[in-house]
2 protein chains.
Amino acid sequence: MAQKNILQYIILGLLDQEPRTGYELTQDFAHEIGEFWQAQHSQIYPLLARMEEQGLITHSVEVAGTKLEKKRYSITTEGRSALSSWVGAPTPTMATTKDEFVLKLYFVQRADDARLPGMIREQIAIHQEWLDHLEARRQLLFGDENVPQDQFGHYLILDHALTREQQYLSWLDQQLTQLPHN
Amino acid sequence: MAQKNILQYIILGLLDQEPRTGYELTQDFAHEIGEFWQAQHSQIYPLLARMEEQGLITHSVEVAGTKLEKKRYSITTEGRSALSSWVGAPTPTMATTKDEFVLKLYFVQRADDARLPGMIREQIAIHQEWLDHLEARRQLLFGDENVPQDQFGHYLILDHALTREQQYLSWLDQQLTQLPHN
DNA sequence: ACGTACATGTAAGACGTTACATGATTGA
DNA sequence: TCAATCATGTAACGTCTTACATGTACGT
């Protein structure tokens with residue numbers, strides 16, 4: 001995709017909340033923030049080293065048990081300033097959704113293609129499952145709060161993802177019912 | 001992103017419509033299909049060579065003027081079969097929208113952050129412009145037709161993109177009006 | 001003692017963008 | 001003749017995923 005190192009800013013943002021180890025950051029990408037961005041540990045560890053070289057973060061060593069060394073990274077003043085100017089900077093480029101399913105639709109030339117109903121039903125199942133996951137997540141994090149004071153950003157993007165999935169699903173439903181002789 | 005060579009199938013799909021040169025394919029990605037997938041010529045030309053090696057496409061040489069050689073590629077039987085099995089295969093992976101703006105929102109911790117209104121207004125402008133473009137495109141391609149017989153797939157994904165942008169915009173509008181003392 | 005989770009790294013390769021490089025055609 | 005467009009390629013580099021590789025800690 002060749003972004004401009006967005007991952008770096010995500011890590012800064014997470015470390016700004018509280019210091020973390022590389023392993024913990026990996027867990028965050030697998031769970032906490034994984035709905036919106038993915039990163040494997042093989043990408044995270046080298047990046048942490050580069051960011052420390054640049055002075056954006058530092059680490060201290062914690063020993064667990066007798067031998068195991070954990071590197072707990074914290075954000076530096078310089079890092080905090082880089083994070084802040086990223087958030088404040090314009091975001092002129094739109095997310096280009098590269099949706100394989102939608103691409104396939106492009107090459108279905110005819111409305112009566114026999115494969116369409118099955119294809120759409122498959123996507124409905126996938127997006128319904130995802131919507132359920134997101135709803136459970138909102139319930140877990142925010143309960144029935146309307147607009148929470150803290151974690152406002154997290155609330156915002158969860159709400160955004162929920163709205164998007166609801167729209168995607170209702171679009172799929174609508175297309176399915178509008179198909180000829182279905 | 002490490003997809004499974006989706007670009008290859010898009011090229012097969014385009015060549016299935018009619019034979020094209022690498023240059024023409026590049027133009028298609030810049031205009032026709034550029035709303036949904038991007039590819040530069042530097043990615044297209046080497047891929048065409050690889051696809052020809054695999055027997056998915058062939059080319060014939062056209063001479064324009066006195067010297068200029070154009071390679072016009074067509075899909076082979078093998079290519080048509082690969083395209084068809086791609087379209088027919090399950091699409092189990094969801095599009096992971098990596099939306100830089102939404103990521104920034106995640107790190108805005110407080111609802112009264114002074115930067116929020118400006119950030120949201122910027123995105124409204126961008127998405128409004130995009131929506132206008134898509135609407136002009138639909139008007140151009142399909143006029144006031146409701147559900148066209150031919151180019152059904154193109155109609156579908158344009159409709160999908162339009163719906164998505166409308167939803168994105170209304171979400172942004174809603175968040176803007178709900179901000180404290182705006 | 002054994003399995004799972006914790007913890008950190010490197011290597012190889014696919015995908016994608018920007019830049020480099022060259023030359024022909026066409027219309028003003 | 002000059003500029004824009006047509007036309008095809010390679011190089012360098014950044015991002016991202018999958019696989020390789022190693023070892024510790026902790027609970028049962």
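A, B, ... follow the sequence lines: proteins, then strands. Residue 1 opens every chain. Hydrogens, waters and symmetry mates play no part in the numbers below; they use all other heavy atoms, side chains included.
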d([atom1], [X]; [atom2], [N]) in whole Å:
X: B:Glu69; N: D:dC6; atom1: CD; atom2: C1'; result: 15 Å
X: B:Glu52; N: D:dT8; atom1: CD; atom2: P; result: 12 Å
X: A:Gln43; N: C:dG16; atom1: CD; atom2: P; result: 15 Å
X: B:Glu62; N: D:dC6; atom1: CD; atom2: C1'; result: 13 Å
X: B:Tyr73; N: D:dA7; atom1: OH; atom2: C1'; result: 12 Å
X: B:Ile44; N: D:dC6; atom1: CD1; atom2: P; result: 14 Å
X: A:Ile6; N: C:dT17; atom1: CD1; atom2: P; result: 13 Å
X: B:Arg50; N: D:dT10; atom1: CZ; atom2: P; result: 12 Å

Would you kindly say whether A:Trp171 and B:Gln167 are connected by a side-chain donor-acceptor distance under 3.5 Å? no

Nearest atoms (heavy-atom pairs only) where A:Leu105 meets A:Leu116: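 Scanning both residues completely, I find the closest heavy atoms to be CD2-CD2, 3.7 Å.
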
Can you tell me how the ring of [X] sits relative to the ring of [Y], calling it parallel under 30°, perpendicular over 60° and tilted otherwise?
X: A:Tyr168; Y: A:His127; result: parallel
X: B:His154; Y: B:Phe36; result: perpendicular
X: A:Tyr73; Y: A:His59; result: tilted

Between B:Gln40 and C:dT17, is there a contact of a side-chain N or O with OP1 or OP2 at under 4.0 Å?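 Yes, within the criterion.
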
Does B:Lys71 make a side-chain N or O approach to OP1 or OP2 of D:dG9 shorter than 4.0 Å?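 So the side chain of B:Lys71 is within the cut-off, an N or O lying under 4.0 Å from OP1 or OP2 of D:dG9.
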
Nucleotide by nucleotide, nucleotides 20-28 of chain D touches protein heavy atoms under 4.0 Å in the pattern (B base, S sugar-phosphate only, - none) ----SS---

Check B:Arg138, B:Arg137, B:Arg164 against B:Asp159 for a salt bridge (charged side-chain N to carboxylate O under 4.0 Å, His left out) and give me the one that passes. B:Arg138

In plain terms, say whether B:Glu24 and B:Lys70 are close enough for a salt bridge, that is, a side-chain N and a carboxylate O under 4.0 Å apart. no

Does any non-hydrogen side-chain atom of A:Ile126 lie less than 4.5 Å from one of B:Thr93?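 Sidechains of A:Ile126 and B:Thr93: no contact.
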
Hey, does B:Arg115 have a side-chain heavy atom less than 4.5 Å from the side chain of A:Ser84?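 The answer is yes; the side chains approach within 4.5 Å.
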
Checking B:Asp113 against B:Gln109 for the side chain to side chain donor-acceptor pair (under 3.5 Å) test, could you report, in this order, the C-alpha distance in whole Å, the side-chain angles of both residues, the deciding distance, and whether it holds? CA-CA 8 Å; B:Asp113 192 301; B:Gln109 302 277 355; over 6 Å; no

If you fit an axis to the five pairs at each end of the helix from C:dA1-D:dT28 to C:dA28-D:dT1, how big is the angle between those two axes, to 10 degrees?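 Rounded to the nearest 10 degrees, the bend comes out at 20°.
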
Taking the six-membered ring for Trp and the single ring otherwise, decide whether the centroids of B:Phe29 and B:His41 are under 6.0 Å apart. no

When you measure from every atom of DNA chain C, which of residues 9-36 of chain A have a heavy atom less than 4.0 Å away?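 By residue number: A:Thr21, A:Gly22, A:Tyr23.
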
